[in-house]
Amino acid sequence: MKCIFCGYDDLKVIDSRPVDELNAIRRRRECNSCGKRFTTYETIETTPILVVKSDGSRQQLDMNKIKNGIIKSCEKRPVSVKEIDELVANIEKQIYNSLEPEISSKTIGEMVMNGLKQLDDVAYIRFASVYRQFKDSNSFLEELKKMLENK
């Protein structure tokens with residue numbers, strides 16, 4: 001690491017603390033040459049995971065897309081932001097713990113549906129209606145019946 005002001009490479013760490021929302025460590029550093037201070041953040045380097053879409057195309061995993069889909073499903077429902085964040089973190093942990101370089105969008109959709117089923121029935125049905133692309137009211141009713149049978 002080099003000083004951002006003078007380029008000198010002898011620095012000392014003054015303060016170090018975790019940053020929970022970023023899963024990072026914040027470090028205050030001071031240059032031993034010019035004496036100026038600056039902040040750095042250390043994060044875990046992860047290998048990119050590709051999502052295989054239903055049409056066979058691939059794109060990099062974007063947890064914000066998953067979170068946005070969950071948020072839409074939970075609109076006007078008694079589901080807190082903390083619960084949504086925990087669900088997203090749980091799904092991300094499952095994906096990375098699989099140690100696979102690729103994951104199908106179908107698998108991710110099932111993970112989201114399983115999580116929403118535990119949080120809120122209406123949010124689950126909302127997500128399922130978009131994810132499973134119900135063609136008519138009968139397919140919607142079948143999904144409702146399955147959900148009620150499992151309760």
A.B. asks: If you look at every heavy atom in Val88 and Met63, which pair is closest and at what distance?
C.D. replies: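 Closest pair (atom of Val88, atom of Met63, distance): O-CE, 3.5 Å.
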
A.B. asks: List for me each residue that meets salt bridge (charged side-chain N to carboxylate O under 4.0 Å, His left out) alongside Asp9, sequence neighbours excluded, and say none if there are none.
C.D. replies: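 Counting only residues at least two positions away or on another chain, Asp9 forms no salt bridge (charged side-chain N to carboxylate O under 4.0 Å, His left out).
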
A.B. asks: Quick one: do Ile4 and Tyr8 end up in the same hydrophobic cluster if we chain Ile, Leu, Val, Met, Phe, Trp and Tyr together by side-chain heavy atoms under 4.5 Å apart?
C.D. replies: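 No, it is not one cluster - the side chains of Ile4 and Tyr8 are not joined through contacts under 4.5 Å.
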
A.B. asks: Taking the side chain as every heavy atom from C-beta outward, state whether Arg28 and Glu30 have any pair of such atoms under 4.5 Å apart.
C.D. replies: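 Sidechains of Glu30 and Arg28: no contact.
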
A.B. asks: So do the side chains of Leu61 and Ile66 get within less than 4.5 Å of each other, counting heavy atoms only?
C.D. replies: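 A side-chain contact under 4.5 Å exists here.
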
A.B. asks: Can you name the closest pair of heavy atoms from Lys72 and Arg126 and give their distance?
C.D. replies: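 Heavy-atom minimum between the residues: O-NH1, 4.2 Å.
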
A.B. asks: Minimum heavy-atom separation for Thr39 to Arg26, with atom names?
C.D. replies: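 That would be CG2-CG, 3.6 Å.
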
A.B. asks: Side-chain contact test, heavy atoms from C-beta onward, threshold under 4.5 Å: evaluate it for Lys67 versus Leu87 and give yes or no.
C.D. replies: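 No. Closest side-chain heavy atoms not under 4.5 Å.
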
A.B. asks: State which residues pass salt bridge (charged side-chain N to carboxylate O under 4.0 Å, His left out) with Arg77; sequence neighbours excluded, sorted by chain then number.
C.D. replies: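 Arg77 satisfies salt bridge (charged side-chain N to carboxylate O under 4.0 Å, His left out) with Asp120 once adjacent residues are dropped.
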
A.B. asks: Quick check on the hydrophobic clustering: are Phe5 and Val13 connected, directly or via other members, by side-chain heavy-atom contacts under 4.5 Å?
C.D. replies: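 No.
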
A.B. asks: Taking Asn90 for the side chain and Glu86 for the main chain, is one N or O donor matched with an acceptor at less than 3.5 Å?
C.D. replies: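 Side chain of Asn90 to backbone of Glu86, a donor-acceptor pair under 3.5 Å: no, none is there.
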
A.B. asks: With clusters defined by side-chain heavy atoms of hydrophobic residues (ILVMFWY) lying less than 4.5 Å apart, directly or transitively, does Tyr96 cluster with Val52?
C.D. replies: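 Different hydrophobic clusters.
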
A.B. asks: Find out whether Cys6 and Cys31 are in side-chain contact, i.e. whether some heavy atom of one side chain is under 4.5 Å from a heavy atom of the other.
C.D. replies: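 Answer yes - side chains close enough.
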
A.B. asks: If you take all heavy atoms of Ser73 and Phe127, which pair is closest and at what distance?
C.D. replies: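 That closest heavy-atom pairing would be OG-CB, 3.3 Å.
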
A.B. asks: Would a distance-only check, ignoring hydrogens and angles, find a side-chain to backbone donor-acceptor pair under 3.5 Å from Arg58 to Gly56?
C.D. replies: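 Confirmed, Arg58 side chain pairs with Gly56 backbone.
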
